[in-house]
Amino acid sequence: MNYISTRDKSIKVTAAKAISQGISVEGGLFVPDTFSVFDDNDFAQLTKLDYVGRAKYVLKNFLNDFSEEEIDYCVNGAYKGSFDNDQPAPISLVGKNANLLELWHGPTCAFKDLALQLLPYLLTTSAKKVSDGKKIVILVATSGDTGKAALEGFCDVPNTEILVFYPSEGVSPMQKLQMDSQKGENVHVCAIKGNFDDAQTGVKNIFTNDQVKAKLLENNMQFSSANSINWGRLAPQIVYYISAYCDMLSRGEDLKDGFNIVVPTGNFGNILAAYYAKKMGVPVNKLICASNANNVLTDFINTGKYDRNRSFFTTISPSMDILISSNLERMLFELSGNDDKAVAAMQKELAENGTFTVSQEINEKMSQLFFGGCCDDKATIETIKELFQKYGYLCDTHTAVAMNVYKQYVKTTGDDRATVIASTASPYKFANSVLSAVSDKKADSEFQTARLLMSETGVQIPEPIKALENAKVRFNNICEKTDMLSVVYKALGI
């Protein structure tokens, strides 16, 4: 297996190079040139393994230049002792067919932990192979969860520096506190005056600037990414969809007709991982893409036209407040039959005009694979309330979007087969909104709100959230989106 770029497939690199570099030199994203396909024997073996064993089994297919010992070191380091009960991705069955895949039992209470506990191990192991002793500078744009998970994962990792940019008004108070109080000598956090798309565009522009890369090289540094544009971030997410299938098989679920997967998504990475699991042999019937009021993906799936020229909404599900979905580029590469020139042209048109339209053939393939739906904040709150009242299950605002769109799908199609719903964050990361859904009571502070929510629902506050109450704020920087490069240089002392 090699890794090729979505915009120039003549570029071929190893896994270590793809992970350490993060993004291709011309701005394309790395994808494997082949995928392993698992058969019934593979799944029978996987079903007998715990999560760590499943992760090793799956990831060895992507880490083509890692030894078995290196894979053991990376996976054991990431997943042993870092998650509640050493179960990174348990399932809660709600109702008859809704399998809520809880991806928030890690150190930052969000699904990004599943990848970002592993990425530092993958990245440092890769760097030793290909980076000639250079310090790795990790740039991150975040809509909330990636930032904290990346900061936690890379905290004091030798020979790395990590810089996180987040929209000043685009994250929840708890997400903001998680980032601004992060410990570590190698971590840097800055808010920007703008939205997530501004942060993401700024990071990409810095990444691909030849003058900036040359300046880092002079200082024996190189960029990499902890966003899901980095294959090392995306590959671990494939594991939990394969693991969910194995867990349902172990439970005796009849899946001969396949099952559906619902993912609340803004940047398209998490649902793309579900697609790759399908590509590897998991019997996924329909991929259901759930959006909030920023419904650019819903419109794209339903029309074939991607158009970011629209109003941007700040919602109660802020991790999905995104209008430029970076990982869609990898899906377009798949659907176009690996047509790198077509993908490059679409991305150029998006950058210049904010829009592109796919061919009828690609649109038909997209429609066969995906169902797109969306809901606003009002419907999100109603879904949290209904889920708690009917089943006693408390979910966060992003999971509620997924549940709402799941109901839309069943109502529209009549397809009520077994379904995995990605539950992406603890409700306590968005305590104000969740409390408003289940109670009329109010509190004066974020932590009083959390305690009141626990009192009203009986759902315990996760320990990482409790620990924040006495955390010291280290970062209160804010910059214009045009000044991000200056922030980078100052943090690196160059």
Side-chain angles (χ1 to χ4, degrees), residues 108-110 112 139-151 163-182 188-206 227 264-267 291-296 308-326 354 374-378 380-381 396-398 400-401 424-437 442-447 449-450 465 468 471 473-488:
T108 77
C109 305
K112 306 295 175 69
L139 285 188
V140 178
T142 184
S143 54
D145 288 332
T146 290
K148 172 59 180 178
L151 290 163
L163 296 93
V164 169
F165 293 95
Y166 69 86
S168 60
E169 303 299 325
V171 300
S172 78
M174 198 67 80
Q175 288 174 314
K176 176 179 169 62
L177 181 58
Q178 281 187 309
M179 289 185 281
D180 288 348
S181 63
Q182 177 65 47
H188 313 272
V189 179
C190 186
I192 70 158
K193 297 176 183 177
N195 59 39
F196 170 75
D197 291 324
D198 296 322
Q200 181 168 251
T201 299
V203 163
K204 275 192 170 182
N205 288 341
I206 294 170
N227 285 94
T265 189
N267 223 8
S291 301
N292 60 19
N294 295 295
N295 59 352
V296 63
R308 64 147 302 184
N309 301 315
R310 60 180 66 210
S311 297
F312 178 90
F313 299 102
T314 301
T315 74
I316 60 172
S317 47
S319 298
M320 300 158 66
D321 290 349
I322 296 171
L323 293 180
I324 302 176
S325 303
S326 286
C374 59
C375 72
D376 60 14
D377 282 354
K378 183 174 181 290
T380 302
I381 291 293
D396 85 297
T397 49
H398 304 76
V401 170
T424 55
S426 163
Y428 284 96
K429 293 197 78 166
F430 309 93
N432 285 309
S433 298
V434 175
L435 179 63
S436 73
K442 298 185 184 303
D444 295 330
S445 73
E446 192 73 10
F447 292 98
T449 300
I465 299 292
L468 282 173
V473 172
R474 293 183 63 204
F475 303 100
N476 53 15
N477 309 322
I478 184 168
C479 74
E480 300 289 342
K481 59 188 178 184
T482 52
D483 292 334
M484 290 170 63
L485 181 56
S486 298
V487 173
V488 172

Minimum heavy-atom distance between Ser311 and Leu323, given as atom pair plus value = O-CD1, 4.3 Å

ask   = Shortest non-hydrogen contact from Gly194 to Pro167?
value = O-CB, 3.1 Å

query = Between Ser326 and Gln200, does any side-chain donor sit less than 3.5 Å from a side-chain acceptor?
reply = yes

key: Side-chain touch Cys109/Ile465, heavy atoms, less than 4.5 angstrom   = yes

query = Ring centroid separation for His398 and Phe430, is it under 6.0 angstrom?
reply = yes

task = Of all the heavy-atom pairs spanning His188 and Phe475, show the shortest one and how long it is.
result = CA-CE2, 4.0 Å

task = Name all residues meeting the side-chain hydrogen bond (donor to acceptor under 3.5 Å, both in side chains) criterion together with Asp145; count only those two or more places apart in sequence or in a different chain, and write none if there are none.
result = Gln175, Ser319, Lys429

Backbone N/O of Gly266 and side chain of Ser325: donor-acceptor pair under 3.5 Å = yes

request  = Report the residue from Leu139, Thr201, Ile206, Asp198 that forms a side chain to side chain contact (heavy atoms under 4.5 Å, CB included) with Met484.
outcome  = Ile206

task = For side chain to side chain donor-acceptor pair (under 3.5 Å), just list the numbers for Lys112 and Thr146, CA-CA rounded to whole Å, side-chain angles, deciding distance to a tenth of an Å, and then say yes or no.
result = CA-CA 6 Å; Lys112 306 295 175 69; Thr146 290; 2.6 Å; yes

task = Determine which pairs satisfy salt bridge (Lys or Arg N to Asp or Glu O under 4.0 Å) with at least one residue from residues 308-323, sequence neighbours left out, and list them in order.
result = Asp299-Arg310

task = Any salt bridge (Lys or Arg N to Asp or Glu O under 4.0 Å) involving residues 163-179? Give me the pairs, sequence neighbours left out, ordered by first then second residue.
result = Lys176-Asp180

